[in-house]
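When a residue number appears, it is its place in the shown sequence, counting from 1.
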Amino acid sequence: EYMKPDINIALMNAAQEIINRFSPLIEDEYEKSRLGSWGALILISAMRFNDAASELKKENIEIADWLTSNTKVGKEDLEKSINLSTSEDNIDRLDQQNQILRGLLNEEIERLEVVDDKSVLLDGYSLMRSMHQRRKVSDLIGLLQQSVD
């Protein structure tokens, strides 16, 4: 059976190939510089990918905590829908949980906007802003992950 290599290792290998093998073969300095930049971006992504799982796990916990503290969503409901207690923390599973949690968060924010609960809403917006900030940094990782998958 074919085993998919860890994405960070695949990215490291790609970066090394670009920087050490392909870049020196190009005559045009501008194109060589562009290829070197891509190699560096891939290298940075490989290093950041190692942190991606722990960031997702933290974000999942933040959303779950906010939901259970500020809405009618209970810990038991969350446990059923995403199985938070499992020890299996691979990135695909964490991402799956994250999608479900973000969906629940969105629904709750919409509900709070209708009932006009300002203090809880502001707290929810703050959580969403911090999530958005993290997303902006990790977009490249997502793009690279899609191309490797």
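Pairs of residues two or more places apart, or lying in two chains, never qualify as salt bridge (Lys or Arg N to Asp or Glu O under 4.0 Å) while including a residue from residues 25-40.
Considering only heavy atoms from C-beta on, Met128 comes within 4.5 Å of Asn106 through its side chain. A heavy-atom distance below 4.5 Å is not found between the side chains of Val73 and Trp66. In this structure, the side chains of Leu104 and Leu78 come closer than 4.5 Å at one or more pairs of heavy atoms. Side-chain contact between Val114 and Glu110: absent, with no pair of heavy atoms (C-beta onward) separated by less than 4.5 Å. Put simply, the side chain of Glu113 reaches to within 4.5 Å of the side chain of Tyr125, judged on heavy atoms.
Expressed to the nearest 0.5 Å, how far CD1 of Ile100 lies from CG of Asp95 amounts to 10.0 Å. In this structure, the separation between CG on Asp117 and OG1 on Thr71 is 11.0 Å, given to the nearest 0.5 Å. Note: Ile26 CD1 to Leu35 CG = 4.5 Å, rounded to the nearest 0.5 Å. Once rounded to the nearest 0.5 Å, the distance linking CD of Glu108 with CG of Leu101 reads 12.0 Å.
Scanning all heavy atoms of the two residues, the minimum distance from Ser23 to Gly36 falls at OG-N, 4.3 Å.
Remark: side-chain polar atoms of Ser126 are not paired, donor with acceptor, to backbone N or O of Leu122 under 3.5 angstrom.
Qualifying side-chain hydrogen bond (donor to acceptor under 3.5 Å, both in side chains) partners for Asp65, counting only residues two or more places apart in sequence or in other chains: none. Qualifying salt bridge (Lys or Arg N to Asp or Glu O under 4.0 Å) partners for Asp116, counting only residues two or more places apart in sequence or in other chains: Lys118. Here Glu55 pairs with Lys58 under the salt bridge (Lys or Arg N to Asp or Glu O under 4.0 Å) rule; sequence neighbours left out. Scanning for side-chain hydrogen bond (donor to acceptor under 3.5 Å, both in side chains) contacts around Glu62 gives Arg134, with sequence neighbours left out.
A donor and an acceptor atom, one from each side chain of Asn98 and Arg102, are located under 3.5 Å apart.
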Would you list the atom pairs, donor with acceptor, under 3.5 Å between side chains in residues 9-19 and any protein atom, with sequence neighbours excluded?
residue: Asn13; atom: ND2; partner: Ile9; partner atom: O; Å: 3.4
residue: Glu17; atom: OE1; partner: Arg21; partner atom: NH1; Å: 3.2

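In the hydrophobic clustering of ILVMFWY residues, with side-chain heavy atoms under 4.5 Å counting as a link, Val120 and Val115 come out together.
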